[in-house]
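What follows is a single structure, written as structure tokens, with notes after it.
Just so it is clear: chains get the letters A, B, ... in the order the sequence lines come, proteins before strands, and each one is counted from 1.
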Protein chains: 2
Amino acid sequence: MDVKRRLRSRGYRVTPQREAVLEVLRENEGVPLDPEAVFEFTRERYAGIGLATVYRTLELFCDLGLVLRVHLHEGSQHYEINTGKHHHHMVCVSCGSVEEFKGCVVDELEESIREDSDFVVTSHCLSLFGYCPACLPAR
Amino acid sequence: MDVKRRLRSRGYRVTPQREAVLEVLRENEGVPLDPEAVFEFTRERYAGIGLATVYRTLELFCDLGLVLRVHLHEGSQHYEINTGKHHHHMVCVSCGSVEEFKGCVVDELEESIREDSDFVVTSHCLSLFGYCPACLPAR
DNA sequence: ACTCCTATTGATAATTGCTCTCAATAACAC
DNA sequence: GTGTTATTGAGAGCAATTATCAATAGGAGT
């Protein structure tokens with residue numbers, strides 16, 4: 001568990017709240033959660049946690065690179081444990097379910113931009129929208 | 001001007017507010033504006049317009065396909081006239097300036113997804129983040 | 001042009017998602 | 001243990017957006 005070390009080496013403290021939030025995110029690998037959902041799940045482990053602490057913790061984990069921000073364009077921000085495996089999401093516009101896919105062609109795109117433009121790309125955000133197998137027949 | 005026709009054919013009315021908002025967006029082709037900016041610009045043409053009307057009008061124009069939602073992840077939503085020319089944006093994380101680029105590799109990506117998954121992709125959202133030529137030296 | 005129906009509007013209240021404030025608490029280095 | 005100070009929970013505050021509702025005004029029918 002090098003997370004404790006990573007926190008302490010930067011002057012941050014290891015608290016049961018932070019451990020609980022991290023566990024929740026780890027249990028939901030591949031499933032982007034919004035702060036409210038993280039709050040609810042974490043309360044099952046640490047009943048007294050406050051919503052503000054969840055927000056602060058998610059922000060901190062993002063800074064530390066432990067967690068990734070996921071933009072599903074659904075009103076609220078979503079978060080996911082950073083497994084190191086780069087991927088994006090397909091969002092069903094009908095039921096809201098999220099599926100991940102591994103392929104990402106943006107690296108190639110960044111390459112071509114490096115040639116055509118003076119803009120230096122450091123990160124990107126890509127989401128796909130459509131219909132999941134379950135909702136397709138209805139549409 | 002087939003916009004009037006497109007509105008009326010769907011049972012919507014042509015109002016000076018809607019015409020003013022559309023003109024503002026047309027004058028700013030390629031420049032994503034947030035609702036507040038649209039509100040300010042539109043007031044120069046139609047002083048009495050209310051903010052709620054701007055929000056409603058932008059929403060309506062999106063439904064009609066006249067306007068596109070642009071996700072710059074900047075707190076507020078942005079909107080842009082739909083010229084039919086597919087493109088995405090590069091956002092400078094330092095000064096916030098937005099540059100558009102035409103190339104989009106996602107069509108290829110959608111292709112490969114069609115083969116690998118049962119998910120049917122109907123649209124996508126892609127934004128690139130980095131540093132514009134002006135901000136690069138400072139970084 | 002006049003009338004009527006109803007879509008639309010502006011003002012404002014309400015809601016949502018998130019951040020700030022601050023006194024109390026609890027890590028953890030010593 | 002003790003002291004310093006990061007962290008916490010509760011609630012106030014804030015910004016973006018949406019809902020409410022009475023008043024207004026398109027525009028189809030006459």
Side-chain angles (χ1 to χ4, degrees), chain A residues 1 3-24 32-64 66-67 69-79 96, chain B residues 1-22 24 32-64 66-67 69-79 96:
Chain A
M1 231 200 244
V3 171
K4 291 188 183 182
R5 238 183 300 127
R6 204 188 298 201
L7 279 170
R8 282 199 265 255
S9 71
R10 296 242 219 152
Y12 297 111
R13 290 174 183 175
V14 177
T15 67
Q17 289 92 334
R18 285 173 179 168
E19 291 185 299
V21 168
L22 191 65
E23 269 190 81
V24 165
L33 300 177
D34 65 14
E36 202 65 43
V38 174
F39 180 51
E40 292 306 330
F41 285 134
T42 307
R43 280 214 282 194
E44 293 169 12
R45 302 182 159 279
Y46 190 94
I49 195 168
L51 184 57
T53 299
V54 170
Y55 274 97
R56 283 184 292 231
T57 303
L58 291 171
E59 192 62 28
L60 174 64
F61 286 172
C62 283
D63 288 350
L64 294 174
L66 298 170
V67 167
R69 251 179 283 271
V70 180
H71 294 275
L72 301 180
H73 310 137
E74 269 185 11
S76 62
Q77 184 65 268
H78 287 66
Y79 298 86
Chain B
M1 226 193 247
D2 68 324
V3 171
K4 291 189 182 181
R5 236 183 301 127
R6 203 188 297 202
L7 280 169
R8 283 199 265 256
S9 71
R10 295 241 218 154
Y12 296 111
R13 292 176 182 173
V14 177
T15 67
Q17 290 91 335
R18 285 174 180 168
E19 292 185 298
V21 168
L22 191 64
V24 164
L33 300 177
D34 65 13
E36 201 66 42
V38 174
F39 180 50
E40 292 305 331
F41 285 134
T42 306
R43 280 215 280 195
E44 295 169 12
R45 301 182 160 279
Y46 190 95
I49 196 167
L51 183 58
T53 298
V54 171
Y55 273 97
R56 283 184 293 231
T57 302
L58 291 170
E59 192 62 29
L60 174 64
F61 286 173
C62 282
D63 288 350
L64 294 174
L66 298 170
V67 166
R69 252 179 281 271
V70 180
H71 294 275
L72 301 180
H73 308 138
E74 267 185 10
S76 61
Q77 183 63 270
H78 287 65
Y79 298 85

Helical bend (five base pairs per end, nearest 10°) for the helix from C:dA1-D:dT30 to C:dC30-D:dG1: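 Terminal axis comparison yields 40°.
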Criterion side chain to side chain contact (heavy atoms under 4.5 Å, CB included) on B:F61 and B:L22, from CA distance to verdict: CA-CA 9 Å; B:F61 286 173; B:L22 191 64; 3.9 Å; yes
Rounded to the nearest angstrom, tell me the gap between atom [atom1] in [X] and atom [atom2] in [N].
{"X": "A:D34", "N": "C:dC18", "atom1": "CG", "atom2": "C1'", "result": "12 Å"}
{"X": "A:R43", "N": "D:dG9", "atom1": "CZ", "atom2": "P", "result": "11 Å"}
{"X": "B:L58", "N": "C:dT9", "atom1": "CG", "atom2": "P", "result": "12 Å"}
{"X": "A:E19", "N": "D:dT7", "atom1": "CD", "atom2": "C1'", "result": "14 Å"}
{"X": "A:H73", "N": "D:dA16", "atom1": "NE2", "atom2": "P", "result": "18 Å"}
{"X": "A:R10", "N": "C:dC28", "atom1": "CZ", "atom2": "P", "result": "16 Å"}
{"X": "B:D63", "N": "C:dA7", "atom1": "CG", "atom2": "P", "result": "16 Å"}
{"X": "A:Q77", "N": "C:dT16", "atom1": "CD", "atom2": "P", "result": "19 Å"}

With B:R8 via side chain to side chain contact (heavy atoms under 4.5 Å, CB included) - residues at least two apart: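 B:R8: side chain to side chain contact (heavy atoms under 4.5 Å, CB included) contacts with B:K4, B:V14.
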Report the residues that fulfil salt bridge (charged side-chain N to carboxylate O under 4.0 Å, His left out) with [X], sequence neighbours left out, ordered by chain and then residue number.
{"X": "A:E23", "answer": "A:R45"}
{"X": "B:E59", "answer": "B:R69"}
{"X": "A:E36", "answer": "none"}
{"X": "A:R6", "answer": "none"}

C:dA27 phosphate, OP1 or OP2, under 4.0 Å from A:R18 side-chain N/O: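 Checking A:R18 against C:dA27: no side-chain N or O falls below 4.0 Å of OP1 or OP2.
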A:Y55 side chain near C:dC18 phosphate (N/O to OP1/OP2, under 4.0 Å):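 Indeed, a polar side-chain atom of A:Y55 lies that close.
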Contact pattern, 5' to 3', of nucleotides 24-30 of chain D - B, S or - by protein heavy atom under 4.0 Å: -BBS---
Closest non-hydrogen atom pair between A:R10 and A:D63, with its separation: NH2-O, 4.1 Å
For nucleotides 10-12 of chain C, which of its nitrogen or oxygen atoms have a protein nitrogen or oxygen under 3.5 Å away, and what is each distance?
{"residue": "C:dG10", "atom": "OP1", "partner": "B:Q17", "partner atom": "NE2", "Å": "3.4"}
{"residue": "C:dG10", "atom": "OP1", "partner": "B:G48", "partner atom": "O", "Å": "3.1"}
{"residue": "C:dG10", "atom": "OP2", "partner": "B:G50", "partner atom": "N", "Å": "3.1"}
{"residue": "C:dG10", "atom": "OP2", "partner": "B:T53", "partner atom": "OG1", "Å": "2.2"}
{"residue": "C:dG10", "atom": "N7", "partner": "B:R56", "partner atom": "NH2", "Å": "2.7"}
{"residue": "C:dG10", "atom": "O6", "partner": "B:R56", "partner atom": "NH1", "Å": "3.2"}

Backbone N/O of B:L60 and side chain of B:R18: donor-acceptor pair under 3.5 Å: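 Not confirmed, B:R18 side chain does not pair with B:L60 backbone.
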Results of ring-ring contact (aromatic ring centres under 6.0 Å, His included) for A:H78 - residues two or more places apart only: none
With a cut-off of 3.5 Å and sequence neighbours excluded, list every side-chain donor-acceptor pair involving residues 46-55 of chain A.
{"residue": "A:Y46", "atom": "OH", "partner": "A:Q17", "partner atom": "NE2", "Å": "3.4"}
{"residue": "A:T53", "atom": "OG1", "partner": "A:R56", "partner atom": "NH2", "Å": "3.3"}

Any residue meeting side-chain hydrogen bond (donor to acceptor under 3.5 Å, both in side chains) with A:E40, in chain and number order, not counting sequence neighbours: A:R43
Touch class at under 4.0 angstrom, heavy-atom based, for B:E36 against every strand present: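 Since no nucleic acid heavy atom lies under 4.0 Å of B:E36, the category is nothing.
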